[in-house]
Structures are given as C-alpha cells and as structure tokens.
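Values in this document were obtained by computation on a predicted structure and should not be read as measured data. Residue numbers begin at 1 in each chain, while the letters A, B, ... track the order of the sequences.
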Number of protein chains: 2
Amino acid sequence: MPKRPTIIDVAEYAGVSKSTVSRVISGGSVRETTRRRVMTAIEALGYEHNAIASSMRTNRTNIIMLAIPDITNPFWPDVARGVQDVMDDAGYAVVFANSDWRGSREKMFLRMAQRNRFDGILINPIQVTATELDETHLPTVLIGSRTDYPGFDSVGSHSYDGTQQALKHLFSLGHRRIGLIQGKRVNRPGASRMKSYLDFLDEHSLPRDDTLIVEYPFDQRGGYQGAIDLLTLPVPPTAILAANDILAMGALQAAHDMGFAVPGDVSIVGQDDIFAAKITVPPLTTVAKPKYEIGTQAATVLLARINGETDRQWQQHLFPCRLKIRGSTAPPRE
Amino acid sequence: MPKRPTIIDVAEYAGVSKSTVSRVISGGSVRETTRRRVMTAIEALGYEHNAIASSMRTNRTNIIMLAIPDITNPFWPDVARGVQDVMDDAGYAVVFANSDWRGSREKMFLRMAQRNRFDGILINPIQVTATELDETHLPTVLIGSRTDYPGFDSVGSHSYDGTQQALKHLFSLGHRRIGLIQGKRVNRPGASRMKSYLDFLDEHSLPRDDTLIVEYPFDQRGGYQGAIDLLTLPVPPTAILAANDILAMGALQAAHDMGFAVPGDVSIVGQDDIFAAKITVPPLTTVAKPKYEIGTQAATVLLARINGETDRQWQQHLFPCRLKIRGSTAPPRE
DNA sequence: TCAACAAATGGGAACGTTCCCATTATAACA
DNA sequence: TGTTATAATGGGAACGTTCCCATTTGTTGA
C-alpha cells in the first residue's frame, strides 16, 4: 500500500512550501494562481487532509459527544437528529454514547471524551455529578430540565408545566383520582413531574394518596406493571398519568388486558408525543415536547460555548410543552 | 488555565523516562515497582492520556462510523445499540451519520471518515458505489442484504425469504390478491423484496398486476398514501404487504380511516417488527428481523477486519427472518 | 523609477505520543 | 564469581499538521 501523500508531497508537486499548502487548505490568504496550482496538485496526488495531525496542533477535533441513556427509547432519536443536523452543518462529527442508565458507563464515556479531546459534550445526566462534569474541562450542555446542575447550560422542556397541563385537562374532565406512573431513575426521581403532581393535588385540595404513585423502569413492561398495580387498587384511579409515552403505552396494554376500556373506564395520558402515540388505539393523549428542537437548540448552545461566542453565565433553555388531546382521555364514568 | 500535563511531566515526576511512562500506559513490560511509581505520578498530576497524539503515531483512532439513512426510523436504534454494545467493549467510539437518504450527505460522511482517519465504517448504503467505498481505503462492512456490492462484507437479514414467509402465510389464509407497498429508494428498488414478491406470484400462478404494486417514501405518510391507492382500486386487494412496519402502520391508519376493517376487510403485514408493531390495534403481523443481532454481528465482523484477524474473502452474513403472526391478518371475507 | 508599504510565501519549531535501537540492570547458570 | 542471556529502561527520531516570524515578491503613489 502506497504511503498517503502529505502536504509536503503536495508542496513539492506544486512547487511551493508546505506553509502555503496549509494556507490553501485552511483558507488563508494566497494568490489565486498559486491556490489553483496547489489545488491541482491536491487533485493529482489524491491528497486527503489529515484531521488527526491538524487536531494535534490546534487542539480541536471537531467531534462532540452525545451521551444519553438509551437510543432505543423513541424520544432520543428525534433529539439526536436535531443535534446532528446542526452539528453536520458546523462540520462536527457526533459520537453517540448510551449509558444504559448505568453511572459507570457514563463515567467511562466522559473519560473517553477527555482522552479523545472531543470539543464538547451534550449529556442527559444519569448519575454523574456537577463536579465530575466540571472536571472534564470540556464545554458541556445538559439536555433535560435539570436544576440540580448549577453552572451548566441546559436545554429541555418545561415538564413541570406540561404535567400541570395534563392534570388540568384531566381535572376539567372531572377526574379526581389520578394515578401517576413514574419512571424509575437510578439515583433521583423525575423531580419536576413529581413536584408538579403533588403541587396540583394540593392546589385543588385533592388528597395525597401514596398508593396512587408507582415507580417502574422506563420501558413498556414498566408501564404495564404500573397500570396493573393501579388498576387493582380497591378504589382504582379514573385516570393515569405516565411519565412518558412508552410507560403510557404499557399502561394502555395493561388496561386492555384487564378489561378496562380506555377512555371509558380509565383515561391515560403520556408524555413526549413519540411517533407511535398517534397510532395506538385509542390514540394517546400526551404532553408533546419539541424533541427535534431540543436537539438543535442544545447543539447550538454548545457550539456557541465551544467558540466562546458567549460570555454569558450558564442559562436554562426551556421549551414549552403542548398538550395533545387525543382519544385516550374522556370524562370518568358516572 | 494550566497546561495539561504530558507523559514528559509524568516521567520527570516519577523519575523515569517518557518511554517508560508510555509503556506503563500501553501495557508494555515494566517492573512492578516502577509501574507503581508512574501510576502515582499520573494520579498526582492528573494526567490524561492524549488519544490524538497517540493516533498520530499509531494511525489508529479507535473510532468508527455508523452511516445510516435515518436514526428516526425505529429499525435503526436497535441496530445502533447492537453496534455500540460491541464497540464499547472493544474500546471504540461510534460516530453516527444520518444520510437522510441523500447521496451527497453520504459522500460527505465518507470524506469525514477519511479525514478523521476513522478505523472503519459500517454503512447501509444509499447511493454510494462500491468503487467509492473502496476508495476510502477503510475497512467497511455493509448493513443490509445487498448483493450489489461484491468485495464487501455484509450483515443483514434474509429478506427474500422473509417476504416469502409473509406471502405464504397470506396465501394459506386464502388471499389471492395481495398488494405490495414498496419503500421508495433514491436510486434502486428494494430489490430482494420485489423479486420475492414476483417470484411468489409466478410460483403460485397468480397474475402479475402492476396496479397492486405502489411505491412511496419510507414513512408513515407513504404507507398511508399507498394503502389509499390500493384500497381505491376497482378491485382492491384483500391483503397488503408493506416493505416495513412504518409503512404498514400508515396503511393500517388509512384502512381505518377509509372504513376498511383490519383484518376483516383487508389483512396487513409489515416487516421489521419494531417495538410499536406490538401495540397497534390490531397488533401487526410482521416479518421480524433480529435488529440488535445485526448490529452486534456487523460490529464484530468490522472489528475482525480492522484487526486483520480474517484473511477470508468478503462474506455475506444473513440472519433468518421470523414471521410473527398477530392480529392484522385473517382469512379474506367470503 | 524608486521608495515605502502591504501582501504572499518560506523555514523551522512545536504539538504529545510511539517505536526503534542502544544501553544498562537483573537473573540464571556453570 | 564471572559470563551470558534476558528483561527493563532511556534517548531520539518520526508522525503531519499549524503557527510564528523572517524574507521575498508585488503594488501603489509621489
């Protein structure tokens, strides 16, 4: 295998110095005639720029990392697309990392980002602490509405408010006994949703009932189990709010299997509005989040940080949620 | 910001040469006592290995690229997970690239892989030719059952056979007039599925009817449109086979909207068995593909190529498909 | 036409590793 | 204990860029 040509080879071929070739490549100021000479040399030799050598000098890799729990959850592909579309345009490659809800993997990925001198990190944190993130010394933007990481930019949706919308909707339909299926986090609960739920109860003088709150892994089986727990209560809830659509879809299935009509016997509301929410039967009422936009915005903020274009303090970007009322909610049976 | 320590700093601190530090890091043979000295120095200085500098010397980046059309299609996240799980264990980072069915983007990504000296490429090719792939000089494994890229390893599923299974199932239920919704490819048709379909017709002496074959983009709307085309025919088919589940789900919706009962008036079969196929109403009969396994296998084959562990010629790895009979198929109405 | 100045170009060091080869320390054996 | 073989270590070049600074070339205006 013939050795790959370097800028030195190109320089010789074109009869200029390697500095000039470098300038041509990186868009420095060169005379038009020499630029053309160099370009033909590049063509002739089949020269391919070596990003590694370049990174070595510039301390820039043009690679960022996107660390999420699990690409298999349909929420994330949309976010990922948003990230990629922005990053592609900016000439960055995006490395994916699935922590799989495991803190150890998350840490491994952070080390990987450091070793490889990636230019930045987008992360939906699982276990990692703010200090650990700080220690990477890499520009970092959080994805998700997290208030427990002061000092970091974050991009997410206003899930507290979204939960309120869902509950208001159910309340106005006449529901007074509303179950909550939480997604189990390794370390911390889906704090804002839970708080929103409790606040709502208090505000409308509804009793807090711990049996109405169940917590299961963020997958369909989790939702299924959760719904079974709730619907087998002595006095089952007339409505169920799930922390995301996957859980809600599991709940839908459980209700179906147990002979509960949806929305006749029990109303179900999800969150996220993944593509499949439209095609369940009945179609799922859900709190829609602008997934793609979260991705593009997170990427944009990160780029700004990387390029030092913003000296502003860290900032939280929260997109509003929108309740999509579909067929899975109705007034409770008399 | 203090300069990052290098192995030279570590060497000084530990009182050894940089060569020794290098050996400690990369697992060369060093005396246990010196290894410990070096390790404490690394700890003390907070040294982080510089993968860029390393790559520069070794021509290894430990990064591979996974190029697919669109991560947003639920088929791909599963494959991606498989790829990542294997690559993580091998210490590789995976860069994602969504060509978005555009050949120009695909080419851009290949150049990126070259520039960045990635160690290998996993690709579900859209427009790129075998020659172009060859010219990257990077170990490449194709994902999908493609026979039109001689010289390349490929990992996919036996979709010809899967289509046969689906058709046999429909045929044995009594269907004789079966529509096909194809996914539109930018450049070439889903050849094996189409061939399988036509072969089946011939074999069972069913008439070829061009109006029974429609082609639309690989999304839900495409499936919707396709089904409308088919169901508004003077003599509509009693069963529809869609090229993937997303198309099938669109078809399901269209049938529903047009007042066709599924499976009463029309049976529908999808392909892939994405997670949402289980939760449609009725649940979708579909040709299941081992998505995760395709991912792990593709990654494994690529690793073998990268490490030169195989001098075998290129090889096609085809997983068998399995028909999952659910609720969307039944005998045709008399 | 010649300064004076700006623009274009060239040369060489530097980035932080790895790897080859030479050298030194240790172990094994007679 | 001396000799030889082996293991451990050190020194320096090399990987292919970029960037600084010095030098050359070109341009402009009196």
Asks: Do A:E32 and A:R36 meet the salt-bridge criterion of a basic N to acidic O distance under 4.0 Å?
Replies: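 Salt bridge: yes.
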
Asks: Is the shortest side-chain N to carboxylate O distance from A:E48 to A:R4 below 4.0 Å?
Replies: no

Asks: Can you list, by residue number, the residues of residues 28-45 of chain B that have a non-hydrogen atom closer than 4.0 angstrom to DNA chain D?
Replies: B:S29, B:V30, B:R31, B:T34

Asks: Would you call B:R105 and A:D85 a salt bridge, using N to O less than 4.0 angstrom?
Replies: yes

Asks: Each nucleotide in nucleotides 12-21 of chain D should get exactly one letter: B, S or -. Can you fill that in based on protein heavy atoms under 4.0 Å?
Replies: BBBBBBBB--

Asks: Got a sec, which residues hit ring pair (Phe, Tyr, Trp, His ring centres under 6.0 Å) with B:Y92, two or more places apart in sequence or on another chain?
Replies: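 With sequence neighbours excluded, B:Y92 shows a ring pair (Phe, Tyr, Trp, His ring centres under 6.0 Å) to no residue whatsoever.
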
Asks: For a quick check under 3.5 Å, do B:Q84 and A:N98 share a side-chain donor-acceptor pair by atom type?
Replies: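 Yes, because at least one side-chain N or O of B:Q84 sits under 3.5 Å from a partner of the opposite role on A:N98.
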
Asks: Return the angle between end axes of the helix from C:dT1-D:dA30 to C:dA30-D:dT1, with five pairs used per end and rounding to 10°.
Replies: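 The helix from C:dT1-D:dA30 to C:dA30-D:dT1 shows an end-to-end axis angle of 30°.
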
Asks: For residues 66-78 of chain A, please give each side-chain donor-acceptor pair under 3.5 Å, one per line with the distance, not counting sequence neighbours.
Replies:
unit_1: A:D70; atom_1: OD1; unit_2: A:T72; atom_2: N; d: 3.0
unit_1: A:D70; atom_1: OD1; unit_2: B:R81; atom_2: NH1; d: 2.9
unit_1: A:T72; atom_1: OG1; unit_2: B:D78; atom_2: OD1; d: 3.3
unit_1: A:N73; atom_1: OD1; unit_2: A:F75; atom_2: N; d: 2.9
unit_1: A:D78; atom_1: OD1; unit_2: B:T72; atom_2: OG1; d: 3.3

Asks: For the CE atom on B:M108, are there more than 12 heavy atoms of other groups (residues, nucleotides or ligands in this structure) within a distance under 6.0 Å?
Replies: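 Buried by this count: over 12 neighbours within 6.0 Å.
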
Asks: Taking salt bridge (Lys or Arg N to Asp or Glu O under 4.0 Å) as the test, write out the residues that go with B:K289, two or more places apart.
Replies: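 B:D272.
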
Asks: In the structure I gave you, are the side-chain heavy atoms of A:V83 and A:L122 within less than 4.5 Å of one another anywhere?
Replies: yes

Asks: Rounded to the nearest 0.5 Å, what separates atom CG in A:D88 from atom OG in B:S99?
Replies: 10.5 Å

